[in-house]
Asks: 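Before I ask anything, here is the structure I am working with.
No experiment lies behind these values; they were computed from the predicted model shown.
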Amino acid sequence: MESTLFRAIKWTRKFGGLVFFDLNLPLSLWKSRDETREIIKKAWHEADIIEVSRSELEFLLDEDYYERKRNYRPQYFAESYEQTKNLQEYYHYTPEEVAPLWHDRLKFLFVTDGTIRIHYYTPSFDGSVIGTEDVLITPFTCDRTGSGDAIVAAILRKLTTCPEMFENQDVLERQLRFAVAAGIIAQWTIGAVRGFPTESATQNLKEQVYVPSLW
């Protein structure tokens with residue numbers, strides 16, 4: 001599959017296409033972590049747009065560092081510390097932190113964590129779009145697999161129909177909120193239906209989740 005992949009990338013480049021890399025990291029299928037990083041690096045540097053989860057980003061950067069950061073407990077702390085500690089899940093990595101993974105070809109790096117938040121990085125700006133931690137209708141929030149796929153599909157859809165996302169940060173954030181809404185719908189319907197939500201259904205939910213100024 002590796003040779004087929006890079007042949008496809010070669011033909012994509014020939015006809016002026018962009019390469020979108022959605023990393024899927026089942027470590028149990030790899031011989032070692034070092035081998036995993038080396039194989040990923042080869043595809044990573046061919047990609048124009050990349051989407052990774054928060055845990056995948058930390059794996060590629062320095063997972064030991066982030067594990068220590070999550071488990072850090074100061075010697076003196078307020079009673080509310082355990083509550084504020086959970087806010088680390090919302091941490092926005094700085095451009096300097098993700099710089100070791102950046103390369104000249106890269107136009108977008110998206111870091112996702114289900115529908116909670118989408119972080120984005122471009123050569124010109126970075127930021128994050130706030131989503132929702134819990135599904136708005138049902139309590140079944142444990143499986144983020146479907147929501148992640150729907151978010152990626154929505155991002156791809158909007159990148160092809162709204163090219164201004166590449167240069168305009170406001171347009172980018174508005175379309176990423178659309179992706180969040182797609183992920184929420186996917187969480188509702190896991191196990192009930194197949195396929196991704198329609199654009200009209202996603203837009204309708206986006207208008208219910210966010211105030212009009214954010215549409």
Side-chain angles (χ1 to χ4, degrees), residues 1 4-25 40 42-54 56-57 98 101-131 144-190 193-210 212-215:
M1 291 181 67
T4 303
L5 167 65
F6 286 100
R7 188 175 180 84
I9 290 175
K10 180 180 178 180
W11 280 97
T12 299
R13 295 279 181 224
K14 181 177 179 179
F15 291 102
L18 298 177
V19 176
F20 188 107
F21 183 25
D22 177 7
L23 178 59
N24 192 355
L25 193 63
I40 289 172
K42 185 177 178 181
W44 187 279
H45 286 278
E46 289 291 339
D48 302 286
I49 304 163
I50 298 175
E51 184 276 332
V52 293
S53 68
R54 182 170 56 90
E56 289 167 346
L57 180 73
V98 302
L101 301 177
W102 199 266
H103 58 82
D104 292 339
R105 190 193 302 274
L106 197 55
K107 294 177 172 59
F108 278 120
L109 172 63
F110 296 106
V111 181
T112 62
D113 188 13
T115 58
I116 294 178
R117 189 169 293 212
I118 301 177
H119 304 264
Y120 60 85
Y121 303 84
T122 78
S124 304
F125 49 79
D126 68 280
S128 64
V129 168
I130 299 173
R144 291 178 178 170
T145 305
S147 66
D149 291 342
I151 286 171
V152 170
I155 291 174
L156 281 168
R157 164 69 175 167
K158 290 303 182 179
L159 284 172
T160 57
T161 59
C162 301
E164 54 270 39
M165 289 171 63
F166 286 85
E167 303 294 338
N168 189 312
Q169 187 172 9
D170 180 63
V171 173
L172 171 63
E173 292 195 352
R174 291 175 187 274
Q175 301 310 328
L176 290 181
R177 293 185 190 102
F178 176 91
V180 168
I184 294 171
I185 294 177
Q187 283 185 322
W188 292 350
T189 57
I190 280 180
V193 298
R194 294 185 180 274
F196 295 118
T198 64
E199 183 158 4
S200 60
T202 303
Q203 181 63 31
N204 181 56
L205 180 64
K206 174 187 174 183
E207 294 175 5
Q208 295 180 51
V209 173
Y210 297 100
S213 61
L214 299 178
W215 295 352

Asks: Out of Phe125, Tyr121, Phe166, which one pairs with Phe108 under the ring pair (Phe, Tyr, Trp, His ring centres under 6.0 Å) rule?
Replies: Phe166

Asks: Got a sec, which residues hit salt bridge (Lys or Arg N to Asp or Glu O under 4.0 Å) with Asp104, two or more places apart in sequence or on another chain?
Replies: none

Asks: Judged by atom type as modelled, is there a donor-acceptor pair below 3.5 Å linking the side chain of His119 to the main-chain atoms of Asp126?
Replies: no

Asks: Locate the shortest heavy-atom distance separating Val52 from Leu109; write the atom from each residue and the value.
Replies: CG2-CD1, 4.2 Å

Asks: Take a 6.0 Å sphere around CD of Gln169 and say whether it holds more than 12 heavy atoms from other residues, nucleotides or ligands.
Replies: yes

Asks: Taking the side chain as every heavy atom from C-beta outward, state whether Asp48 and Arg13 have any pair of such atoms under 4.5 Å apart.
Replies: yes

Asks: Evaluate whether atom CD1 of Ile130 has more than 12 neighbouring non-hydrogen atoms of other residues, nucleotides or ligands under 6.0 angstrom away.
Replies: no

Asks: If you round to the nearest 0.5 Å, how far is CG of Leu106 from CZ of Phe21?
Replies: 11.5 Å

Asks: With a 4.5 Å cut-off on side-chain heavy atoms, are Phe20 and Glu51 touching?
Replies: yes

Asks: Between Arg177 and Glu173, does any NZ, NE, NH1 or NH2 come within less than 4.0 Å of an OD or OE carboxylate oxygen?
Replies: yes

Asks: Less than 4.0 angstrom from a charged side-chain N to a carboxylate O is my criterion; do Asp170 and Arg174 meet it?
Replies: yes

Asks: Given 3.5 Å as the limit, does a donor-acceptor pair link the side chain of Asp113 with the main chain of Ile116, or not?
Replies: no

Asks: Starting at CD1 of Ile50, measure out to CH2 of Trp102 and round the result to the nearest 0.5 Å.
Replies: 8.0 Å

